[in-house]
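Okay, so here's the structure we're looking at.
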Amino acid sequence: RYDTIVIGGGFAGVTAARDAAFRGLRTLLLEARPRLGGRTYTTSMFGHDLELGGTWLGWSQPHVWAEVSRYKMSIAESAAAAAGEYIWKDANGRLQVTDPGRYFQAFESATNAFYGPARDAFPRPFNPAYVDDLEGLDAQNARQAVDALGLPPEERALLMSFAAVNGHSDPSESSYLDQLRWFALGDFSLANMWDNLGRYRLSSGTKALLDRMQADSQAEVRLNTPVAALRQDSDGVRVETRGGDVFQARTAIVAAPLNCLGDIAFEPGLSSTKLRVAGERHTGAGTKVYVRISGKRPIFMGHGTEDMPLCFVWTEYDDTDSQLLVGFGKSPALLDVNDDEAVRAAIHNFIPDAEILESYGYDWNEDPYAKGTWTMYRPGWLTEHLSELQRPEGNVYFAGSDIADGWRGFI
């Protein structure tokens with residue numbers, strides 16, 4: 001019998017288990033996969049420690065940065081932080097290859113207009129409910145918000161694909177208010193927001209930090225142990241695994257992804273709101289792919305239109321005789337990351353003469369223990385459902401980036 005059982009071994013679950021054990025609780029951590037890490041996943045490939053899931057972080061993200069500082073982890077930068085070339089498609093589909101100044105002139109004009117309401121909506125970014133009467137902004141989707149700005153076609157095209165990649169979905173699916181929240185968390189600065197979501201990464205991969213945290217934990221861990229049911233009674237909780245094991249504890253902490261809550265049989269059942277939101281799924285359902293191209297060429301940042309297979313592509317590693325690119329798209333319907341020819345065509349949209357050596361991506365939408373990528377909320381969720389998603393039910397508590405007050409969808 002345990003004091004608490006943590007379900008889900010991503011960063012949130014590992015942190016919860018470690019900190020519960022620090023407080024003297026006999027703690028059991030159950031993870032469905034044969035590894036810890038959840039939607040972060042470091043693998044050695046193409047001569048680098050690549051992140052198929054979570055990658056970037058920054059010092060405006062206080063919780064993960066505290067762990068980076070505690071364990072004295074070293075930080076590296078994306079090569080594109082020093083990009084001297086910007087490749088982007090204008091509203092007419094013409095390829096533009098320019099210096100950063102020309103690109104940012106158009107892009108920052110668009111984002112300044114889009115993020116205009118952020119400071120009034122989130123004067124305290126880590127308290128998303130601090131301001132009342134945000135239902136109007138929350139009811140709008142990002143596509144409606146962009147269209148309402150009446151931007152010139154070039155700026156509109158840039159902004160629409162940016163909204164698409166942030167929501168990792170069609171802009172019509174994500175809440176405008178939740179898009180504004182990212183900007184507020186980035187200290188109301190586009191440059192700082194970008195630094196936190198696409199510039200700084202751990203030199204040895206996220207697994208290096210996770211391993212340090214887990215080594216510090218006194219929680220018992222069981223891998224390959226998917227949970228089938230969680231039942232509560234007057235004695236506490238009873239957790240049943242798909243393999244037939246049964247564990248008892250006073251409390252449970254559920255740190256599984258939001259989209260997977262419906263795969264566990266709760267007794268008594270979870271609130272209808274939790275189950276409905278989990279069934280609808282958050283917006284994160286796009287693609288991420290790494291592509292190695294031959295030869296030396298300028299370090300670049302590529303910004304496509306929202307209907308292109310990849311909305312963004314940039315140089316992540318600048319190697320001696322090749323570059324390793326990373327790209328993001330809004331939907332696997334536009335790009336099968338396992339189709340070599342489709343990936344080749346997607347890169348040629350930005351660099352027509354690129355010689356593709358190899359590529360790799362992982363479809364998190366097909367992963368039964370993720371069912372999606374990073375989290376952004378659908379219209380209405382933030383103002384209507386966040387407090388309910390966070391609310392404990394009896395002796396069952398909930399954790400994870402999907403329901404965080406701060407950098408929701410991040411490590």
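Position 1 is the first residue of the sequence, and the numbers go up from there. If you're wondering where the values come from, they're calculated on a predicted model, not measured in any experiment.
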Axial cation check for Tyr369 ring with Arg33, 6.0 Å and 45° limits: no
Side-chain heavy-atom pair Asp195, Tyr200 within 4.5 angstrom cut-off: yes
Lys/Arg-Asp/Glu bridge criterion (N-O < 4.0 Å) met for Arg250, Asp3: yes
Face-on cation placement of Lys274 at Phe398 ring, 6.0 Å and 45° thresholds: yes
From CA spacing to verdict: side chain to side chain contact (heavy atoms under 4.5 Å, CB included), Leu30, Val239: CA-CA 10 Å; Leu30 300 178; Val239 177; 3.8 Å; yes
Check: Thr383/Glu135 side-chain N/O donor and acceptor closer than 3.5 Å: no
Leu158 side chain near Thr305 side chain, heavy-atom distance below 4.5 Å: no
Gln61-Trp59 side chain donor-acceptor pair, cut-off 3.5 Å: no
Aromatic plane relationship, Trp194 with Phe312 - under 30° parallel, 30 to 60° tilted, over 60° perpendicular: tilted
Ionic contact status for Arg201 with Glu51, cut-off 4.0 Å: no
Asp170 bridged to Lys330 by N-O distance under 4.0 Å: yes
Short side-chain donor-acceptor distance under 3.5 Å, Thr273 and His385: no
Heavy-atom donor-acceptor pair, Gln232 side chain to Glu267 backbone, under 3.5 Å: no
Rounded distance (nearest 0.5 Å) linking atom OG of Ser359 with atom CE of Met45: 10.0 Å
Pairing of Arg297 and Glu85 as salt bridge, 4.0 angstrom limit: yes
Closest heavy-atom pair and its distance - Asp49, Ser44: OD1-OG, 3.1 Å
Nearest atoms (heavy-atom pairs only) where Gln179 meets Gly167: NE2-N, 3.9 Å
Side-chain ion pair, Arg344 and Glu358, N-O less than 4.0 Å: no
Within 45° cone of Phe410 ring axis and under 6.0 Å: Arg408 NZ or CZ: no
Ionic contact status for Asp178 with Arg181, cut-off 4.0 Å: yes
Parallel, tilted or perpendicular, as decided by the 30° and 60° cut-offs, for the rings of Tyr2 and Phe247: perpendicular
Closest approach of Tyr130 to Pro123 (non-hydrogen atoms, all atoms of both residues): CD2-CG, 3.8 Å
Heavy-atom check, side chain of Trp381 versus side chain of Glu280, under 4.5 Å: yes
Check: His348/Asp353 side-chain N/O donor and acceptor closer than 3.5 Å: no
Centroid separation Tyr103 to His303 less than 6.0 Å: yes
Residue pair Asn338 / Tyr360, side-chain donor-acceptor N/O under 3.5 Å: no
Minimum heavy-atom distance between Leu382 and Pro128, given as atom pair plus value: CD1-CB, 4.2 Å
Close side-chain approach of Trp314 to Leu325, heavy-atom, < 4.5 Å: no
SB check Glu173 Arg281 (cutoff 4.0 Å): no
Ring centre gap for Phe114 and Phe183 strictly below 6.0 Å: no
Lys288 and Thr55 side chains, donor-acceptor separation under 3.5 Å: yes
Aromatic plane relationship, Tyr115 with Phe162 - under 30° parallel, 30 to 60° tilted, over 60° perpendicular: perpendicular
Minimum-distance pair of heavy atoms, taken over all atoms of Asn192 and Ser60: ND2-OG, 2.9 Å
Salt-bridge present (Arg156, Glu154; N to O < 4.0 Å): no
Distance-only donor-acceptor check, side chains Thr206 and Thr42, under 3.5 Å: yes
Parallel, tilted or perpendicular: ring planes of Trp364 versus Tyr362, cut at 30 and 60 degrees: perpendicular
Ionic contact status for Arg39 with Asp402, cut-off 4.0 Å: yes
Salt bridge present between Arg231 and Glu240 (N-O < 4.0 angstrom): yes
Side chains of Glu31 and Asn224, donor plus acceptor under 3.5 Å: no
N/O donor-acceptor pair under 3.5 Å between Asn141 side chain and Ser175 backbone: no
Shortest non-hydrogen contact between Ile264 and Ile7, atoms and distance: CD1-CG2, 4.2 Å
Residue pair His282 / Trp374, side-chain heavy-atom distance below 4.5 Å: no
Check: Thr315/Gln323 side-chain N/O donor and acceptor closer than 3.5 Å: yes
ring-ring contact (aromatic ring centres under 6.0 Å, His included) evaluation trace for Phe300 with Phe350: CA-CA 10 Å; Phe300 81 99; Phe350 296 91; 7.2 Å; no
